[in-house]
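Single-structure report; data block below.
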Amino acid sequence: APPSPRPTGATASPSRPASVAASSPPASSRPAASVGTSGWTAPVPIDHPALHAGSAFITGVSCPQPSTCYAVDSAGNVLASATLSAASLSNWHVVANDPKGGLVAISCPSTTFCVAVDKSGYAISYSRGSWGSPAYVDARAGTFTAVSCPVTTFCMAADSGGNAFAYTAATNTWQPFTVDTSGGGLTGVSCPSASDCTAVDTGGGTYTFNGTTWSAASPVDVGHAFTAVSCASAAFCVAADANGNAAVLTGRRWTVSAIGTTADAVACPSDGFCLAADGSGGAVSYHNGTWSAMTGIDGNRAIDALSCPAPTTCLAADRSGNILYYAPASPG
């Protein structure tokens, strides 16, 4: 069975993080990839033994800037690349490991701060140039499914037991919330700011966080399990479900429509624009009210993770340990 749905998210500076600088390979060893007519490069394997020697797979990616991305895998590794572009895809390097359990999601609002969560209820963070030890956060029923950090001082994580956990850097604490009281689980969370988050569940419900409390469920897509959600702002979100639909929030209203595929990952870098990827190597885009036709970008490989720091730059990761870079040609 596929793993729990996981989110998107992140941001970074053009300087190389200290944790990766020492292990960068020579430029000649970096694979090059040309951008196809779809705007996506061909899949490029990450040079990471754990992804090829066993059954580990990438579970989340987060790109704080177009030039810098982080990824996590089911073996508990955190990987980083600081010279990412369509023309030169550098080898990725392991910069941290969570011995408590496989990592399920990561969010990086800047190149100097990240939070990753694992399947055992722990979170690890990157701050001040180093990765910390795992901190136990989720003592409730369920496992983490998503994390979203809009700024370096705040994060929100969600779990399969219907709970959410807010991280506050000022006190270095996590505050628990019971969000889904129906018995369903949260499958995604996205926070465009510390005072605005949207979470989705297994029953087609959405919930909002106002900086202090979570709302009751809003029945947006009743009977259909949401797989992922991404919000560019308080006025624009997209949530994909397991039945080939997507719910789009514009202003204060959700609208559900078919998108031609069942998306496992979605990323919305700006109002009116999103990318979604599916379990069969396909991708669709949303532009101001219209979904594109599905484009095959990765053979038949499942794409589980997607991060878009800008409308012209995205990174996708598939179940086979490959990454793909999105850089569409400029109009005209």
Side-chain angles (χ1 to χ4, degrees), residues 2-3 5-10 33 35-43 58-63 66 86 146 187-188 190 198 200 204 206 220-221 224-233 235-250 253-320 322-331:
R6 25 194 92 77
T8 59
V35 179
T37 56
S38 65
W40 289 92
T41 64
I58 300 170
T59 54
V61 293
S62 186
C63 302
T187 55
S190 182
T198 295
V200 294
T206 67
V220 171
D221 191 14
H224 299 152
F226 280 123
T227 57
V229 63
S230 181
C231 300
S233 70
F236 181 77
C237 297
V238 169
D241 74 15
N243 292 75
N245 304 308
V248 179
L249 174 71
T250 52
R253 181 180 178 185
W254 288 93
T255 303
V256 180
S257 63
I259 62 173
T261 189
T262 300
D264 295 326
V266 61
C268 304
S270 64
D271 284 7
F273 176 76
C274 287
L275 284 176
D278 66 20
S280 302
V284 294
S285 60
Y286 176 89
H287 294 269
N288 296 321
T290 303
W291 287 95
S292 70
M294 188 185 74
T295 300
I297 63 171
D298 194 16
N300 293 318
R301 291 178 285 266
I303 301 172
D304 289 333
L306 186 62
S307 179
C308 299
T312 56
T313 305
C314 291
L315 185 81
D318 69 26
R319 191 73 62 84
S320 300
N322 301 306
I323 57 170
L324 300 89
Y325 189 88
Y326 177 75
S330 300

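Every heavy atom of this structure was used, including side-chain atoms; hydrogens, water molecules and symmetry mates were not. Positions are given from 1, in the same order as the sequence printed here. Model, not experiment: these values are computed from the prediction.
Pairing of Cys268 with Cys308 by a disulfide is not supported, the SG atoms lying 2.5 Å or further apart.
Looking at Ser307, its side chain never comes within 3.5 Å of a backbone N or O of Leu315 through a donor-acceptor pair. Checking side-chain atoms of Asn243 against main-chain N and O of Asn245 turns up no donor-acceptor pair under 3.5 Å. Checking side-chain atoms of Ser320 against main-chain N and O of Asn322 turns up no donor-acceptor pair under 3.5 Å.
Taking 4.5 Å as the limit, every side-chain heavy atom of Ile297 sits out of range of all side-chain heavy atoms of Tyr326. At least one side-chain heavy atom of Thr250 sits under 4.5 Å from a side-chain heavy atom of Phe236. Annotation: side chain of Asp278 is in contact with side chain of Met294 (closest heavy-atom distance under 4.5 Å). In this structure, the side chains of Asp304 and Thr59 stay at 4.5 Å or more apart for every pair of heavy atoms. Looking at Leu275 and Ser285, their side chains come closer than 4.5 Å, going by heavy atoms from C-beta outward. Using a 4.5 Å heavy-atom threshold, the side chains of Cys63 and Thr313 count as separate.
When every heavy atom of Ala317 is checked against every heavy atom of Val61, the shortest pair comes out as CB-CG1, 3.9 Å. Looking at every heavy atom in both residues, Ala276 comes nearest to Ala263 through CB-CB, 3.8 Å. In plain terms, the two heavy atoms of Val248 and Tyr286 that are nearest each other are CG1-OH, 3.6 Å. Heavy atoms only, all atoms of each residue included: Leu306 and Ala265 are closest at CB-CB, 3.8 Å. Taking each heavy atom of Ile259 and Val284 in turn, the nearest pair found is O-CG1, 4.0 Å. Closest of all the heavy-atom pairs between Ile303 and Gly282 is CD1-O, 4.3 Å.
With rounding to the nearest 0.5 Å, the separation of CG in Asp241 from OG1 in Thr262 is 7.5 Å. Rounding to the nearest 0.5 angstrom, the gap separating the OG1 atom in Thr198 from the CZ atom in Phe226 is 10.5 Å. The line from NE2 of His287 to SG of Cys274 is 9.5 Å long, rounded to the nearest 0.5 Å.
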